[in-house]
There are 2 protein chains.
Amino acid sequence: MIDIRQMRYFVTLAETLHFGRAAERLHLTQPPLSRQISGLEKELGVKLMDRSSRHATLTRAGQSFLEDARAVLAAFDQACNNAKRADRGETGELSIGFMMHAAHTVLPSLARRYLAAYPDVDVKLREVVPNVLIEDVLAARFDAGIMFSPGPVRGLETRPIFHEKLCLAVHCGHPLATRKIASAHDLEDQPLIVTSADSAPTARKAVEEYCRSGGYAPSIRLEAQLQNTIVNLVAENLGVALVPDSMRKLAFSGVSFLSLKNAPAIAHALVWRTGNLNPALRNLLAMTPAVKA
Amino acid sequence: MIDIRQMRYFVTLAETLHFGRAAERLHLTQPPLSRQISGLEKELGVKLMDRSSRHATLTRAGQSFLEDARAVLAAFDQACNNAKRADRGETGELSIGFMMHAAHTVLPSLARRYLAAYPDVDVKLREVVPNVLIEDVLAARFDAGIMFSPGPVRGLETRPIFHEKLCLAVHCGHPLATRKIASAHDLEDQPLIVTSADSAPTARKAVEEYCRSGGYAPSIRLEAQLQNTIVNLVAENLGVALVPDSMRKLAFSGVSFLSLKNAPAIAHALVWRTGNLNPALRNLLAMTPAVKA
DNA sequence: TCCCATTCATACCTTTTCGGTATCATGATC
DNA sequence: GATCATGATACCGAAAAGGTATGAATGGGA
């Protein structure tokens, strides 16, 4: 069977038109080269070289084969290099699902850094509602997800990458609305709007703990899944809420945001499927160290 | 060194994702395949397959390599096929130089037939004045030439492919101009315009022999190189001429053409350089048998 | 839970192929 | 006509490929 070595030999020979010198360039002696070339010709059933005792020249078929062989060798080397690059995560695909908050906080700089370091990776970013993100990652629809730190999930790895403080959202007609800052104490008996325990347990937990640090149990009036929804409900004057600072960036009419004394923080986490071997993911993880609370 | 065999093995394995079945399809047993694949991975420095005792799956790098390897194998096979086709003269180039007469006689059908049979050959047709065609062919500027049959030339092969009758061209005021047909006898003492002996010896010879068949020596007044020129000189009433029938196709004002009794013929010949190994030329020759006088 | 079947890897042997050395055949050059 | 350069051939040892036998790991069924 014809192989790539014979093509390499042939191309070198075609470039020198001299068996001896070609053999030298190929780091072998002349007889094996002669044999490989005539073997190639025999297997092709095509004479590629005209040999005189003085010169070796290419036949027409040889000229044709030379062009093609060069292209094949280039494609061959390219394939090997591409495999190495793919293995290093320099090419390929990386899909990241994220919740809206990430777009306001960690995602932009992370995406910029990653794309700068790995410009040939096809990065797909897609916003997803938080509660389906875990199953999307587990089902390999995404290589990674960015969401509020979930509890431990079987088959899922988690790494906190950013801690965002919470602030207080109140209706603009609320007594606290005129203040700049509030404390845990101020929230006693205030009807709270919180995230449901199953969709963002850490956010929920942070709120509850903050209340407990004020020495009372939170009075929860409403549960919603999205922070966005929560703030809208605050605007409707159905309660107050502790929401991530980044919510301030959005313009909500009828809502005032207050800073909190000893503000609790909520972790944004990078999550990925255990055993996901995508090298591009490996590189993403390498450039996003865990941050401590 | 990685070779094409390992790529073939890998592609087959990637298509079956099963070492045993892939080996079967490759007409070998499983252990050598396992070894070749791990050898390939080792030489690339890249893991291409994830093996469990149940399934074999492609890594990301393996997926990348699979695509590239398929392209390489296709290019490889293409190169081999192209070489065979080039060797059979089905691809490549064929350059043909021809004199004007050929364009009125043999060339069109010949070119059509050839192109129909070998559509992938890049045929280059170029008109040349006859007296330089021989040296052009000898200098390999053309693979073949079509011209009035020259005498034997060292390094040149010749094959008559068409015999064209001569006719008589006279000025429209000439006494013979009213007739439809003339004989050798009628030309006695008529001043003849002929081609020079070096540019078209067979044409010249045909004229001289025709006169001798009438029992007299030709009286040559003028020599020119191109038949076109000759007819123009006839139009200027400087003499009469025996010219190829195909000259009738051209509209010359002031010239009448007469058929000749026992009209002599002149051979159009295909000429090519001795030892020209262009396979496309071989095919041209194969489809243009020599014709007898 | 234990056993078996499946699957890939490894060990060892045989065959094939490859490259090296020595030498031959051919044809151009002096 | 002797010589030199070039490619082909013959033969040998080394490397690599494939085959058989067998081992290790693991998932599924009794």
Side-chain angles (χ1 to χ4, degrees), chain A residues 1-59 61-62 65-66 76 80 154-155 274-275 277, chain B residues 1-59 61-62 65-66 69 73 76 155 274-275 277:
Chain A
M1 191 63 72
I2 301 167
D3 71 10
I4 211 82
R5 188 201 306 119
Q6 291 170 308
M7 271 198 182
R8 283 193 206 284
Y9 288 3
F10 172 73
V11 169
T12 302
L13 174 60
E15 280 166 358
T16 61
L17 294 177
H18 188 291
F19 281 76
R21 276 189 282 281
E24 195 176 357
R25 267 180 45 182
L26 289 163
H27 304 294
L28 44 83
T29 55
Q30 171 262 320
L33 177 61
S34 285
R35 253 180 297 134
Q36 290 295 336
I37 298 298
S38 54
L40 175 61
E41 290 178 321
K42 200 167 183 179
E43 287 180 295
L44 275 175
V46 172
K47 194 154 165 257
L48 298 172
M49 305 293 297
D50 282 320
R51 291 102 158 148
S52 77
S53 71
R54 210 75 205 151
H55 296 289
T57 55
L58 287 168
T59 63
F65 193 63
L66 174 59
F76 184 89
C80 296
R154 186 178 177 75
T274 305
L277 296 171
Chain B
M1 190 63 70
I2 300 168
D3 72 7
I4 211 82
R5 189 200 306 117
Q6 292 171 306
M7 271 198 182
R8 284 192 204 284
Y9 288 3
F10 173 73
V11 169
T12 302
L13 175 60
E15 281 167 355
T16 61
L17 294 177
H18 188 291
F19 281 76
R21 276 189 282 281
E24 195 177 357
R25 266 179 48 180
L26 289 163
H27 304 295
L28 43 81
T29 55
Q30 170 262 319
L33 176 61
S34 286
R35 254 180 295 136
Q36 288 298 332
I37 297 298
S38 54
L40 174 62
E41 289 178 322
K42 199 168 184 180
E43 286 179 296
L44 276 174
V46 172
K47 194 153 165 261
L48 298 172
M49 306 292 298
D50 281 321
R51 291 104 158 147
S52 79
S53 70
R54 211 75 203 149
H55 296 290
T57 54
L58 288 168
T59 63
F65 193 62
L66 174 59
L73 291 178
F76 183 89
T274 305
L277 296 172

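Naming convention: chains lettered A, B, ... in sequence-line order (proteins, then strands); numbering from 1 in each chain. Side chains are part of it too, since the values below use all heavy atoms of this structure and drop only hydrogens, waters and symmetry mates.
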Under 3.5 Å, which donor-acceptor pairs link side chains of residues 2-12 of chain A to any protein atom two or more places apart or in another chain?
residue: A/Asp3; atom: OD1; partner: A/Arg5; partner atom: N; Å: 3.1
residue: A/Asp3; atom: OD1; partner: A/Gln6; partner atom: N; Å: 3.2
residue: A/Gln6; atom: OE1; partner: A/Asp3; partner atom: N; Å: 3.0
residue: A/Gln6; atom: NE2; partner: A/Gln36; partner atom: OE1; Å: 3.4
residue: A/Arg8; atom: NH2; partner: A/Asp77; partner atom: OD1; Å: 3.3
residue: A/Thr12; atom: OG1; partner: A/Arg8; partner atom: O; Å: 3.1

Give every donor-acceptor pair under 3.5 Å between a side-chain atom in residues 17-29 of chain B and any protein atom, sequence neighbours left out.
residue: B/His18; atom: ND1; partner: B/Gly20; partner atom: N; Å: 3.1
residue: B/His18; atom: ND1; partner: B/Arg21; partner atom: N; Å: 3.0
residue: B/Arg25; atom: NH2; partner: B/Glu15; partner atom: OE1; Å: 2.9

Is there a side-chain contact between [X] and [Y] (heavy atoms, below 4.5 Å)?
| X | Y | answer |
| --- | --- | --- |
| A/Val46 | A/Glu41 | no |
| A/Arg51 | A/Ser38 | yes |
| B/Met49 | B/Thr57 | no |

* **Strand-adjacent residues in residues 32-41 of chain B, judged by heavy atoms under 4.0 Å from DNA chain D** =>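 B/Pro32, B/Arg35, B/Gln36 - these, ordered by number, are the residues of the stretch whose heavy atoms sit under 4.0 Å from the strand.
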* Positions of residues 5-25 of chain B (non-hydrogen atom under 4.0 Å from DNA chain D), listed by number ->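 Nucleic-acid contacts, sorted: B/Arg5, B/Tyr9.
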* Check side-chain hydrogen bond (donor to acceptor under 3.5 Å, both in side chains) between B/Arg35 and all other residues, then give those that pass, not counting sequence neighbours. =>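 Testing B/Arg35 for side-chain hydrogen bond (donor to acceptor under 3.5 Å, both in side chains), a comparison that skips the adjacent residues, returns none.
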* Asked: What pairs with A/Thr59 under side-chain hydrogen bond (donor to acceptor under 3.5 Å, both in side chains), at least two apart in sequence or on another chain?
  ->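 Partners of A/Thr59 by the side-chain hydrogen bond (donor to acceptor under 3.5 Å, both in side chains) criterion come out as none, since no residue qualifies.
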* Can you measure from CG (A/Leu44) to CZ (A/Phe65) and round to the nearest 0.5 angstrom? =>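 The CZ atom of A/Phe65 is 5.0 Å from CG of A/Leu44, to the nearest 0.5 Å.
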* Asked: In Å and rounded to the nearest 0.5 Å, what is the CG to CD1 distance from B/Leu13 to B/Ile37?
  ->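 Between B/Leu13 CG and B/Ile37 CD1, I get 5.0 Å after rounding to 0.5 Å.
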* Euclidean distance, atom CD of residue A/Gln30 to atom C1' of C/dT21 [Å, nearest integer] ->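 Atom-to-atom, A/Gln30 to C/dT21, this comes out as 12 Å.
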* Asked: To the nearest angstrom, how far is A/Asp3 atom CG from C/dC18 atom P?
  ->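 These atoms are roughly 7 Å apart.
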* On DNA chain D, reading 5' to 3', which nucleotide is the first and which the last to sit with an atom under 4.0 Å from a heavy atom of chain A, could you check? =>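 Reading along DNA chain D, I get D/dA5 to D/dT9.
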